[in-house]
Number of protein chains: 2
Amino acid sequence: METLRERKKQRTRDALLRAAVELFTTRGYERTTVDEIADAVDVSQRTFFRYFAGKEEAALALQELAAARFVEAVRERPAAEAPMEALRQAVLEGWDTLGEVIEAVVPVELYLRMYRVIESTPVLLAAHLRRNEEIEDTLARVLADREGVDVDADPRPRLAVAVFGGVMRVTERRWGTDGDLSLDAMRGLTIAYLEQVGPALTQNWRSS
Amino acid sequence: METLRERKKQRTRDALLRAAVELFTTRGYERTTVDEIADAVDVSQRTFFRYFAGKEEAALALQELAAARFVEAVRERPAAEAPMEALRQAVLEGWDTLGEVIEAVVPVELYLRMYRVIESTPVLLAAHLRRNEEIEDTLARVLADREGVDVDADPRPRLAVAVFGGVMRVTERRWGTDGDLSLDAMRGLTIAYLEQVGPALTQNWRSS
DNA sequence: TTGTCAATTGTCAGACGCTGTCATTAGCCT
DNA sequence: AGGCTAATGACAGCGTCTGACAATTGACAA
């Protein structure tokens, strides 16, 4: 069982995260100060920085949950599966179960709106993309392990993951731009776009 | 002919950029303050911010030159060329002629060292990746125009560019990690990695 | 040449993110 | 209960960046 101190810390962190996301999605990221977040939870500004390395980290914390889940899903895919297929299945699985994970902290509604804030805030988008690269690095190692190749000598794991990541980014952006901001819509786009990668690279666009 | 005022402005900007890159590559990005850059050129801190939107912009200005050149090269590719081939040729052409463009502002040596600074400085890497995405957006439009498809309705231009961009990023990172930090080495890696994309996506990695 | 106008710059003040330090508070454990 | 340690608050300070205003300097016409 958890100690009182740990429970208190968890509650403070959750409260800070909730307040931050709430403010970011209403007032906007840049127009929200750390002081406002801290005040909303009634702690000092210094305490905020003890729970989050910076304002950015609070803004990306929810995405981090989704990402961690995705990496886990890839790790648990059967080894017999081809690399790209494992990534595909893992990401689809992720969209299906994401709701539960997020809902434990904030309403899914907020998660979806936070996504748009990230996409429309240059500094957040930049941080998000950098984080994506770190995740791709992890995934490349996972795939290399599965296939028994050396990730430093063989470029194929990194190439495959980079291509997959690129497609997912295009999907993500399209999703954020379209009107339908739901996990179901994301699922559909993911499937459709992954199917079109082959044709986009090899076929003649004009003849279709 | 240029007016005196314009020449002076250009000289100030060049001097600031040179001083900034010089300091970034020696002392490091984070450990260099805007005041130091401004002092090195003997202007006020405020003036620095009139020439550059922020410290970041000064750090990425050289990369911006290279990127602009690349986009131009794609625009000038013959329309008959397949999309991916046009990108491939343009980027190779870019590596060949990059030296001249850079040398007009700073020694190429500094450009190459600045690349490593970007790669190893989280906030700069993040900004670099975001800028890459903007460029990919531009390229998608260029390709869509060439092929006569609608960039908003047809996902293939964005997918193709994203895949290409992903491969280039892997190449770039490998280049920065390897010892040989020359434009020739970059050229070689680019060719090799682009050749391996197909195999990485379709073939079985274990059997080769 | 000189006076007027506009552009460039310096100075100052201040917001905001973030960090180090130290005293204070509050939970933990014997 | 009382000592130990972790968490917090309060304060001071650094660095990036912005707004406002005054001073300077180049452009251009009378």
Side-chain angles (χ1 to χ4, degrees), chain A residues 1-21 23-24 26-61 117-118 121-128 130-131, chain B residues 1-17 19-21 23-24 26-61 117-118 121-128 130:
Chain A
M1 129 167 193
E2 268 181 342
T3 166
L4 168 61
R5 189 134 59 183
E6 284 164 339
R7 265 178 289 144
K8 246 187 160 175
K9 274 184 68 175
Q10 190 61 48
R11 253 188 290 136
T12 305
R13 205 196 119 97
D14 285 355
L16 280 170
L17 181 52
R18 232 187 306 272
V21 173
L23 287 167
F24 291 158
T26 53
R27 232 165 284 185
Y29 178 77
E30 315 264 21
R31 294 158 50 84
T32 303
T33 69
V34 173
D35 287 291
E36 289 171 339
I37 302 170
D39 284 354
V41 185
D42 209 59
V43 295
S44 70
Q45 188 218 50
R46 196 64 183 85
T47 294
F48 173 90
F49 285 109
R50 288 196 175 97
Y51 282 93
F52 298 95
K55 217 170 92 171
E56 256 182 39
E57 193 177 294
L60 298 177
V117 174
I118 293 171
T121 307
V123 58
L124 283 185
L125 179 56
H128 177 59
R130 183 171 57 73
R131 181 63 187 133
Chain B
M1 129 170 191
E2 269 182 341
T3 166
L4 167 62
R5 199 177 260 169
E6 283 166 339
R7 266 177 287 146
K8 244 186 161 177
K9 273 183 68 175
Q10 190 60 49
R11 254 188 288 137
T12 306
R13 205 197 121 97
D14 285 355
L16 279 170
L17 182 52
V21 172
L23 287 167
F24 291 159
T26 54
R27 234 167 280 186
Y29 178 77
E30 315 264 21
R31 293 157 49 84
T32 302
T33 70
V34 173
D35 287 298
E36 288 171 339
I37 301 170
D39 285 353
V41 186
D42 209 58
V43 296
S44 72
Q45 187 218 50
R46 196 63 181 84
T47 294
F48 173 89
F49 285 110
R50 289 198 175 98
Y51 283 93
F52 298 96
K55 215 170 95 172
E56 256 181 40
E57 193 177 293
L60 298 177
V117 174
I118 293 170
T121 308
V123 59
L124 283 185
L125 178 57
H128 177 59
R130 182 171 57 73

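Remember, it's a predicted structure, so these values are computed and weren't measured experimentally. These values consider heavy atoms only, across backbone and side chains, with no hydrogens, waters or symmetry-generated copies. Note on naming: letters A, B, ... go to the chains in the order of the sequence lines (proteins, then strands), and numbering restarts at 1 for each one.
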Are side-chain heavy atoms of B/Phe24 and B/Ile37 found at a separation under 4.5 Å? yes
Please examine the side chains of A/Lys8 and A/Arg5, heavy atoms only from C-beta on, and report whether any two atoms are closer than 4.5 Å. no
Base, sugar-phosphate or nothing for A/Thr33? Non-hydrogen atoms, less than 4.0 Å. sugar-phosphate
For B/Arg13 and B/Phe52 the tightest heavy-atom approach is NH1-CE2, 3.6 Å
Closest-nucleotide mapping onto DNA chain D: is B/Glu30 or B/Arg5 further toward the 5' terminus? I mean the 5' end. B/Glu30
Closest nucleotide of DNA chain C for A/Thr32 versus for A/Arg50: which of these residues is on the 5' side? A/Thr32
From CD of B/Glu56 across to P of D/dC17 the rounded distance in Å is 7 Å
Want to settle it: does A/Asp35 or B/Val43 sit nearer the 5' end of DNA chain C, counting the closest nucleotide to each? B/Val43
Roughly how many Å is it from CZ in A/Arg7 to C1' in C/dA26, rounded to a whole number? 14 Å
Please state how far atom CZ in B/Phe48 lies from atom P in D/dC17, giving the value in whole angstrom units. 7 Å
Can a side chain N or O of A/Thr47 be found less than 4.0 Å away from OP1 or OP2 on D/dG9? yes
Rounded interatomic separation in angstrom, taking CD from B/Glu57 and C1' from D/dC17: 13 Å
Looking for any heavy atom pair under 4.0 Å, which part of the strands does B/Tyr51 touch: base, sugar-phosphate only, or nothing? sugar-phosphate
In this structure, how many angstroms lie between the C1' atom of D/dG13 and the CD atom of A/Gln45, rounded? 13 Å
Interatomic distance, A/Phe49 CZ vs C/dT21 P [rounded to whole Å]: 17 Å
Among B/Val41, B/Leu16, B/Thr12, exactly one meets side-chain contact (heavy atoms from CB on, under 4.5 Å) together with B/Phe48. Which residue is that? B/Leu16
Any side-chain heavy-atom pair from A/Tyr29 and A/Val123 closer than 4.5 angstrom? yes
Between C/dC16 (C1') and A/Leu23 (CG): distance, integer Å: 16 Å
The side chain of B/Lys8 is closest to which nucleotide in this list: D/dG26, D/dT16, C/dG10? D/dG26
Measure from CZ on B/Arg46 to C1' on D/dA20 and round the result to the nearest Å. 9 Å
